[in-house]
Student: 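Starting off with a structure, shown below.
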Amino acid sequence: MSNQLKKFIAGLPKAELHLHLEGSLEPKLMFELAKRNQIKIPYKSIAEVKEAYQFTQLQDFLDIYYMGMNVLQTEQDFYDLTEAYLRKVAAENTQHVEVFFDPQGHTERGVKFETAIHGIHNALTEVGKELGVTFKLIMCFLRHLDEASAIKTLNEAEPFKHLLCGVGLDSSELGHPPSKFINVFKMAKQQGYKLVAHAGEEGPADYIIEALDLLKIDRLDHGNRAMENPALVSRLANSKMALTVCPLSNLKLCGVTDMANHPIKKMLEAGLVATVNSDDPSYFGGYMNANFESIAEPLNLSIADLTLLAKNSFTGSFLEQTEIDQYLNKIDQYVANFNA
Ligand code: HPA
Ligand code: ZN
């Protein structure tokens with residue numbers, strides 16, 4: 001890729017809207033935390049960890065992802081994880097983040113809800129302030145577990161509601177359609193949470209329709225397979241539904257085999273509010289800039305395309321309109337200066 005394009009991407013103000021904090025756990029920190037907490041992990045070296053990150057589908061990744069998060073035990077561990085992520089993205093001029101965490105991934109193994117949320121939220125507040133990165137926090141329900149467990153988690157979150165912006169739905173998609181979680185999403189909406197869900201990553205377009213009609217989501221995570229259903233594409237475009245697309249994740253999990261065929265360009269052409277995100281950057285090979293770079297050349301994206309993707313990341317965010325407008329102005333200024 002040209003240095004010019006690389007430089008443009010690096011300096012572009014952007015927001016990340018699809019990031020699992022547990023998926024930002026770098027092998028080096030994994031080893032440090034394993035040692036600190038005397039947790040056994042099945043790897044001898046960082047090289048061995050990286051070698052294990054070969055996936056042919058979502059479940060291959062999830063098995064390793066849940067194993068990796070075992071090293072997170074104390075509030076300080078969650079703080080360190082979140083701080084490391086913020087320092088990475090701030091260095092890439094990512095100025096706003098809306099991040100996920102998986103409470104059940106921790107409570108199921110005996111770590112308290114409050115331990116995870118306090119560590120994460122304190123880092124977002126303190127380190128975010130230092131770096132000038134604003135944030136929203138979203139807790140995801142694990143869809144391979146039952147709805148009763150999700151409802152239990154929603155109830156556990158009640159004392160911490162002021163720290164949370166929204167709820168989401170992640171983990172193994174196939175066989176776990178959005179319809180399994182109608183009640184808990186209805187309860188969450190009544191409590192004022194924003195609603196998002198992973199749909200159409202591996203699952204069919206029908207799962208996206210369920211997420212819209214039954215869960216009443218405010219934003220769609222992934223959504224790639226919407227492209228198989230033209231009526232659905234029109235619906236998403238007309239309703240200005242933001243899609244949090246994750247290029248390197250799609251490549252690593254074999255949703256696409258060649259970035260030249262990645263659907264994000266067609267999404268933009270169809271008028272979808274598509275955004276670029278890293279999903280689980282430690283596992284999928286890169287943070288925000290790497291994800292932008294991974295599609296820029298194979299899809300022949302122009303400066304205007306990249307600018308639109310960055311703007312979409314703010315218009316698709318859960319920030320207030322006045323805040324969004326400020327960020328959009330920053331992007332306009334950046335582009336004007338870059339072209340001058
Ligand atoms: N898909 C579904 N669940 C997840 C992912 C993902 O990419 N990352 C972490 N949990
Ligand atoms: Zn995800």
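Atoms within each ligand, like the ligands themselves, are counted from 1 in listed order. Nothing fancy with the numbering, it's 1 onward along the sequence.
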Student: State if S171 counts as touching ligand 1 under the rule of any non-hydrogen atom under 4.0 Å.
Tutor: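 Judged by the 4.0 Å heavy-atom criterion, S171 does count as contacting ligand 1.
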Student: Using the ring centroid of each side chain, check whether F61 and Y65 are separated by less than 6.0 Å.
Tutor: yes
Student: Among all protein heavy atoms in this structure, tell me which lies nearest to atom 8 (N) of ligand 1, with the distance rounded to 0.1 Å.
Tutor: D280 OD2, 2.7 Å
Student: Does H18, backbone or side chain, put an N or O under 3.5 Å from an N or O of ligand 1?
Tutor: no
Student: Give the name of the N/O/S atom in D279 that lies closest to the Zn ion (ligand 2).
Tutor: OD1
Student: Does the side chain of T275 pick up a donor-acceptor pair with the side chain of N312 at under 3.5 Å?
Tutor: no
Student: Output yes if H222 passes the N/O/S-under-2.8 Å test against the Zn ion (ligand 2); output no otherwise.
Tutor: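 Short answer: no, not a single N, O or S atom is under the cut-off.
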Student: Which residue supplies the protein heavy atom nearest to atom 7 (O) of ligand 1, what is that atom called, and how far is it?
Tutor: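 I find the closest protein heavy atom is D279 OD2, 2.7 Å.
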Student: Is the distance between the Zn ion (ligand 2) and the nearest N/O/S atom of C246 smaller than 2.8 Å?
Tutor: no
Student: Looking at the Zn ion (ligand 2), is there an N, O or S atom belonging to D280 that lies under 2.8 Å away from it?
Tutor: no
Student: Could you identify the single nearest non-hydrogen protein atom to atom 10 (N) of ligand 1 and state the distance to 0.1 Å?
Tutor: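 Of the protein heavy atoms, H20 CE1, 3.5 Å lies nearest.
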Student: Need the ligand 1 atom indices (1-based, order shown) with element for anything under 4.0 Å from a heavy-atom of E201.
Tutor: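 Contacts of ligand 1 toward E201, numbered from 1: 1 (N), 2 (C), 6 (C), 7 (O).
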Student: Which atom, among the N/O/S set of H20, is closest to the Zn ion (ligand 2)?
Tutor: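 In H20, the N, O or S atom with the shortest distance to the Zn ion (ligand 2) is NE2.
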Student: Report yes or no: do S302 and D305 form a side-chain donor-acceptor pair below 3.5 Å?
Tutor: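 Result is yes, a qualifying pair exists.
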Student: Just jot down the ligand 1 atoms closer than 4.0 angstrom to any heavy atom of F61, in number order.
Tutor: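 Reading through ligand 1 atom by atom, the close ones are 5 (C), 8 (N), 9 (C).
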Student: Judged by non-hydrogen atoms, does L62 sit under 4.0 Å from ligand 1?
Tutor: yes
Student: Among K194, K136, H18, R219, which one satisfies side chain to side chain donor-acceptor pair (under 3.5 Å) with E98?
Tutor: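 Checked K194, K136, H18, R219 against E98; only one passes side chain to side chain donor-acceptor pair (under 3.5 Å): R219.
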